[in-house]
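Remarks on the structure that follows.
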Amino acid sequence: MAFGITSINGQKVRFGVGLRNDICSELSELGSEKALVLSTPQQVDMAMELATAIGDRASGLFTRATMHTPVDVTEEAVEHALSIQADSLVSIGGGSTIGLGKAIALRTGLPQIAIPTTYAGSEATPILGQTEGGVKTTLTDAKVLPRVILYDPELVASLPPAMTVTSALNAMAHAAEALYAKDRTDQTTELAVDGLKAFAEGLPNVVENPGDLTAREETQRGAWACGTVLGQVGMALHHKLCHTLGGSFNLPHAETHAIVLPHAIAYNAVGVPELLTPVSEILDGGEPGQALWDFAKKMGAPMALKDLGMSEADLDRATEIALRNPYWNPRPITADGLRALLQNAWAGNAPGI
Ligand code: NAD
C-alpha cells in the first residue's frame, strides 16, 4: 500500500500504538508552549488525560465541540483561545472536534495537531463545514488543514462497535465516490483503492475483536487514505443525498452514509461500471452496490432509513429536495431513479437499479 509518513497534502502523518504520548515532542517541533486541547463533552476524560500528558505546555481545555461546527460555539472557543494566549490547538476526537479545531484555525491562524478517534477523515482534508442559523455551508482553505495527525489505534479502540462500523462505511463512501469523480487522477484512484482495501481487510477483524490494535491501525490507515482523497476530488450523488437527508430530515451523519452508500453506488454502477470494478474486486462480491450492501450487512451496519426514524411519507419530499440543485454525477439523475433508490434505502432492501 502507498502509505507514507507524510501525506501528499504536506501534513506530517504518523501511525502507532501509544503515539498520543509523543504529543510533547510534536508540540515542541511546532514551537508551541501553550496548547489548547479540544474535545466533545463526551470525550472530556480523553482530553484531560492528554492535557496531563502535555503537562506545562497545556494552557487550557475547551470541551464543547458540537456536530456540524456551530459558529456560536466556535466564537466562544476563539475567545477562550485568545484569552489564554494559546499558540496551538490539539483536537482529540472525531469529525466534530476536528471541525472545531479547523474553525478556530481559520479565524486565528493557529497550527493544529489532530488526534482522530473515529474514521470520518476530516483531519486529512482542507474542508470545513460550519452551521449558522440552521444553515450548513462548506469551504475549502489550506489554512484549516492540521499540520500534524497522530493516529493512535488505542484511541479508536474505544469507539463503540456500532459507531465503528458506521464510521468506517462513512469513510469508505469518500473512496467509493472518488473512483468516478470527474476530477480524479491515477493518484486519487490509487488512494481510494488503498482506503477501501484497508477497511475491507481490517474492519471484519475489528468487528470480531474491537481491541485488535493491528486491525485498528489498518482501518486508521484506511481513514487517512479515504479522508485524503475526499480533500482532493469532488463528490457526487451519494454525498449530495446524505447532505439532503441529514440537513432536511435531521438524520445522523455516519448512519445515513452507511445506509445510502450501497444504493448510490448501485445507481452509478449502471453508468460507469468499469470505474467501480475495484469495489467488487476488493469486497470479493458481485455488482459494486450489492457487494457493499453484503459487506455492510455482514459488519452489522444499520440497513434501513426507516430505522433511523425517517417516515415513508417523507420520501417524495426528499426526492424533490435532492433534485432541486442539479450537480455533476457520472449517471444522469432522474426523479424515478432517485425515488426508487430512496425507497430501497428506506426499507432496507438490497439495491436495485
Ligand atoms: P463525531 O465527532 O460527532 O463523534 C460522534 C460521537 O462519538 C461524539 O459524541 C464523540 O465524542 C464520540 N466519540 C468519538 N470518538 C470516540 C471514541 N473513540 N470513543 C468514544 N466516543 C467517541 O462524529 P464523526 O462521524 O467523527 O464526525 C462527524 C462530523 O464530521 C460531521 O459534522 C461531518 O460533517 C464532519 N466531517 C467533516 C469532514 C471534512 O472533511 N470537513 C469529513 C468527514 C466528516
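Residue numbers start at 1 and run along the sequence shown. Side-chain atoms are counted along with the backbone in the values below, which use heavy atoms only and exclude waters and symmetry mates.
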Looking just at side-chain N and O atoms, do Tyr180 and Asn268 make a donor-acceptor pair shorter than 3.5 Å?
yes

Single-linkage hydrophobic cluster, 4.5 Å side-chain cutoff, Val233 and Leu191 together:
no

Can you check whether Asp87 reaches Ser32 side chain to side chain, under 4.5 Å on heavy atoms?
yes

Can Leu100 be reached from Leu145 by stepping across I, L, V, M, F, W or Y side chains whose heavy atoms are under 4.5 Å apart?
no

I want to check something: taking the side chain as every heavy atom from C-beta on, are Lys306 and Ser311 in contact at a cut-off of under 4.5 Å?
no

Taking the side chain as every heavy atom from C-beta outward, state whether Trp293 and Met303 have any atom pair closer than 4.5 Å.
yes

Test Tyr267 against Thr334 for side chain to side chain contact (heavy atoms under 4.5 Å, CB included), laying out the working first.
CA-CA 11 Å; Tyr267 185 90; Thr334 63; 3.9 Å; yes

Would you name the heavy atoms of Leu110 and Ser88 that are closest together and state the gap between them?
CD2-N, 4.1 Å

Tell me if the NZ atom of Lys143 is crowded by more than 12 foreign heavy atoms within 6.0 Å.
yes

Do any N or O atoms from the side chain of Arg184 and from the backbone of Ala181 form a donor-acceptor pair under 3.5 angstrom?
yes

Can you tell me how far the CD1 atom of Ile113 sits from the CD1 atom of Ile98, to the nearest 0.5 Å?
12.5 Å

Answer yes if the side chains of Gln43 and Thr117 hold a donor-acceptor pair under 3.5 Å, and no otherwise.
yes

With ring-ring contact (aromatic ring centres under 6.0 Å, His included) as the test, pick out the partner of His257 among His243, His238, His263.
His238

More than 12 heavy atoms of other groups within 6.0 Å of Glu274 CD
yes

Determine whether Leu38 and Val71 fall in the same hydrophobic cluster, where Ile, Leu, Val, Met, Phe, Trp and Tyr are linked whenever their side-chain heavy atoms lie under 4.5 Å apart.
no

Provide the closest heavy-atom pair for Ala86 versus Leu36 in the form atom of the first, atom of the second, distance.
CB-CB, 3.9 Å

Any donor-acceptor N/O pair, Asp152 side chain to Gly18 backbone, under 3.5 Å
yes

Heavy-atom pair of closest approach, residues Pro126 and Gly231:
CD-CA, 4.0 Å

Is there a path from Leu203 to Leu196 through hydrophobic residues (I, L, V, M, F, W, Y) whose side chains come within less than 4.5 Å of each other?
yes

Determine yes or no for a side-chain-to-main-chain donor-acceptor pair under 3.5 angstrom, with Thr188 supplying the side chain and Thr185 the backbone.
yes

To the nearest 0.5 Å, tell me how far Thr214 OG1 sits from Arg216 CZ.
12.0 Å

So among Glu217, Gln220, Arg221, which one has a side chain to side chain contact (heavy atoms under 4.5 Å, CB included) with Tyr151?
Gln220

Close side-chain approach of Leu261 to Ile265, heavy-atom, < 4.5 Å:
yes

Given 3.5 Å as the limit, does a donor-acceptor pair link the side chain of Thr74 with the main chain of Ile104, or not?
no

Please test Glu26 against Arg14 for salt bridge (Lys or Arg N to Asp or Glu O under 4.0 Å), starting from the C-alpha separation and ending with a verdict.
CA-CA 11 Å; Glu26 294 299 341; Arg14 297 177 64 196; 2.6 Å; yes

Answer yes if the side chains of Thr125 and Lys102 hold a donor-acceptor pair under 3.5 Å, and no otherwise.
yes

Atom CD of residue position Glu79 - does it have more than 12 heavy atoms of other residues, nucleotides or ligands inside 6.0 Å?
no

Measuring only between side-chain heavy atoms, which start at C-beta, is Val73 closer than 4.5 Å to Phe62?
yes

Go through it in stages, so that I can follow the logic: the residues are Leu128 and Asp141, the test is side chain to side chain contact (heavy atoms under 4.5 Å, CB included), and I'd like the CA-CA distance, side-chain angles, deciding distance and then a yes or no.
CA-CA 8 Å; Leu128 169 64; Asp141 190 325; over 6 Å; no

Name the one of Leu61, Leu155, Ile92, Asp45 that satisfies side chain to side chain contact (heavy atoms under 4.5 Å, CB included) with Leu50?
Ile92

Measure from the side-chain N and O atoms of Ser158 to the backbone N and O of Glu154, and report whether any donor-acceptor pair falls under 3.5 Å.
no

Hphob cluster co-occupancy, Leu19 + Trp224, side-chain heavy atoms under 4.5 angstrom:
no

Backbone N/O of Ile321 and side chain of Thr244: donor-acceptor pair under 3.5 Å
no

Is it the case that over 12 heavy atoms from other parts of the model lie below 6.0 angstrom from the NZ atom of Lys136?
yes

Separation of Glu29 CD from Asp22 CG (nearest 0.5 Å):
10.0 Å

Between Arg324 and Glu320, does any side-chain N to carboxylate O distance fall below 4.0 Å?
yes

A quick test of your reading: do over 12 heavy atoms of other residues, nucleotides or ligands sit less than 6.0 Å from CZ of Arg339?
yes

Minimum heavy-atom separation for Ala157 and Leu213, please, with both atom names.
CB-CD2, 4.1 Å

From CD (Gln112) to OG (Ser91), nearest 0.5 Å
5.5 Å

Are Gln130 and Thr137 close enough, and set up right, to give a side-chain hydrogen bond (donor to acceptor under 3.5 Å, both in side chains), and what steps lead you there?
CA-CA 6 Å; Gln130 309 185 88; Thr137 51; 5.3 Å; no

Check: Val90 and Ile23 side chains under 4.5 Å, non-hydrogen atoms:
yes

Centroid-to-centroid, Phe199 to Tyr119, below 6.0 Å?
yes

Is there a side-chain contact between Ile259 and Leu308 (heavy atoms, below 4.5 Å)?
yes

Heavy-atom nearest pair, Ala200 first then Leu283, reads CB-CD2, 3.8 Å

Starting from the C-alpha separation in whole Å, work towards a yes-or-no answer on side chain to side chain contact (heavy atoms under 4.5 Å, CB included) for Glu201 and Asn205.
CA-CA 8 Å; Glu201 286 163 16; Asn205 294 330; over 6 Å; no

Does any N or O in the side chain of Glu33 come within less than 3.5 Å of the main-chain N or O of Arg57, such that one atom is a donor and the other an acceptor?
no

Inter-residue atom distance Met163.CE - Glu255.CD, 0.5 Å rounding:
7.5 Å

Do Arg20 and Glu49 sit within salt-bridge range, that is, some charged N less than 4.0 Å from a carboxylate O?
yes

Should the pair Glu75-Arg107 be classified as a salt bridge under the 4.0 Å nitrogen-to-oxygen rule?
no

May I ask you to check whether Gln343 and Glu312 show a side-chain donor-acceptor distance below 3.5 Å?
yes

Heavy atoms of Gly352 and Ala266 approach each other most closely as O-CB, 4.1 Å

Between CG on residue Leu237 and CG on residue Asn329, distance to nearest 0.5 Å
5.0 Å

Counting heavy atoms not belonging to Asn250, are there more than 12 under 6.0 Å from its CG?
no

For a 4.5 angstrom cut-off between non-hydrogen side-chain atoms, does Leu241 reach Thr256?
no

Without hydrogens or angle criteria, can the side chains of His253 and His68 be said to hold a donor-acceptor pair below 3.5 Å?
no

